[in-house]
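Structure, as structure tokens:
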Amino acid sequence: GRSKVDRLFKVLFNNQGQVYEVYVRHVAHSDLAGFVEISEFVFGEKTQIVVDPAEERLKSEFSGVTRSLIPFHQVIRIDQVEKSGTPGIQKETQRPVTLLTLPNPPKS
């Protein structure tokens, strides 16, 4: 079996109208109800000269952060992955909000 240290998760979540993609080694239920806790952030090892501004922004935003709590309803998906991709920030596509409405009872 793979050791816990090898585990890696890709987490996509909404943050102020943007979609954040981060890679972490640990995902758990938070003690705080309604939150997912992520910790042990993984950022790409910089071998290439080109610096991805979105990744740099995430790196600085999460530098010094040991763990982060994300509201459940902001989490888009969490995937366990083999290897880290490039963390990034995408503009959120404006998806129409689907409201569940109950039909009005027929007028008698």
Side-chain angles (χ1 to χ4, degrees):
R2 304 186 56 168
S3 76
K4 199 173 168 213
V5 172
D6 286 343
R7 288 200 319 188
L8 185 64
F9 299 93
K10 174 169 92 172
V11 182
L12 291 171
F13 63 96
N14 291 315
N15 184 33
Q16 298 172 339
Q18 295 175 315
V19 176
Y20 278 34
E21 176 179 327
V22 296
Y23 291 84
V24 296
R25 297 229 175 261
H26 186 75
V27 175
H29 271 282
S30 165
D31 299 335
L32 216 56
F35 286 85
V36 173
E37 178 182 307
I38 60 175
S39 58
E40 295 175 53
F41 292 85
V42 174
F43 289 102
E45 304 312 312
K46 284 280 174 271
T47 47
Q48 74 276 34
I49 303 303
V50 180
V51 171
D52 183 337
E55 183 175 3
E56 287 303 307
R57 214 184 107 193
L58 277 173
K59 249 175 125 160
S60 64
E61 185 163 338
F62 288 102
S63 82
V65 174
T66 50
R67 58 189 190 135
S68 192
L69 300 180
I70 303 165
F72 273 135
H73 65 273
Q74 298 291 14
V75 175
I76 299 167
R77 64 186 284 176
I78 298 172
D79 296 328
Q80 186 163 0
V81 293
E82 290 295 317
K83 58 184 201 297
S84 173
T86 306
I89 303 171
Q90 298 115 35
K91 282 269 180 274
E92 187 180 5
T93 52
Q94 292 304 315
R95 289 189 310 273
V97 174
T98 306
L99 294 174
L100 295 178
T101 55
L102 297 173
N104 288 324
K107 299 253 186 297
S108 47

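Numbers here simply count residues along the sequence, with the first being 1. As a basis for the values below, the full set of heavy atoms in this structure was taken, side chains included, without hydrogen atoms, waters or symmetry mates. No experiment lies behind these values; they were computed from the predicted model shown.
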Worksheet item: Got a sec, which residues hit side chain to side chain donor-acceptor pair (under 3.5 Å) with E61, two or more places apart in sequence or on another chain?
Response: Y20

Worksheet item: Minimum heavy-atom separation for P87 to F43, with atom names?
Response: CG-CD2, 3.8 Å

Worksheet item: Taking R25 for the side chain and E40 for the main chain, is one N or O donor matched with an acceptor at less than 3.5 Å?
Response: no

Fill in: In one Ile/Leu/Val/Met/Phe/Trp/Tyr side-chain cluster, 4.5 Å: L58, F9
yes

Fill in: Closest heavy-atom pair and its distance - T86, E21
O-OE2, 3.5 Å

Practice prompt. Mind checking the OG-CD1 spacing from S30 to I38? Nearest 0.5 Å is all I need.
Written response: 11.5 Å

Practice prompt. Find the distance between CG (L32) and CG (L69) and round it off to the nearest 0.5 Å.
Written response: 6.0 Å

Fill in: Co-membership, hydrophobic cluster, residues V75 and V24, 4.5 Å side-chain
yes

Practice prompt. Return the minimal non-hydrogen interatomic distance between G88 and A54, and the atom names on each side.
Written response: CA-CB, 4.1 Å

Worksheet, complete the sentence: Here the pair of heavy atoms bringing Y23 nearest to K10 is OH-CD, 3.2 Å

Item to complete: Any side-chain hydrogen bond (donor to acceptor under 3.5 Å, both in side chains) involving residues 66-78? Give me the pairs, sequence neighbours left out, ordered by first then second residue.
Response: E37-R67, R77-D79

Worksheet item: Which distance, rounded to the nearest 0.5 Å, do you find between the CD1 of I70 and the CZ of F13?
Response: 4.0 Å

Item to complete: Applying ring-ring contact (aromatic ring centres under 6.0 Å, His included), name anything that partners F62, two or more places apart in sequence or on another chain.
Response: F41

Practice prompt. Please round to the nearest 0.5 Å and tell me the distance separating atom CZ of R57 and atom CG of D52.
Written response: 11.5 Å

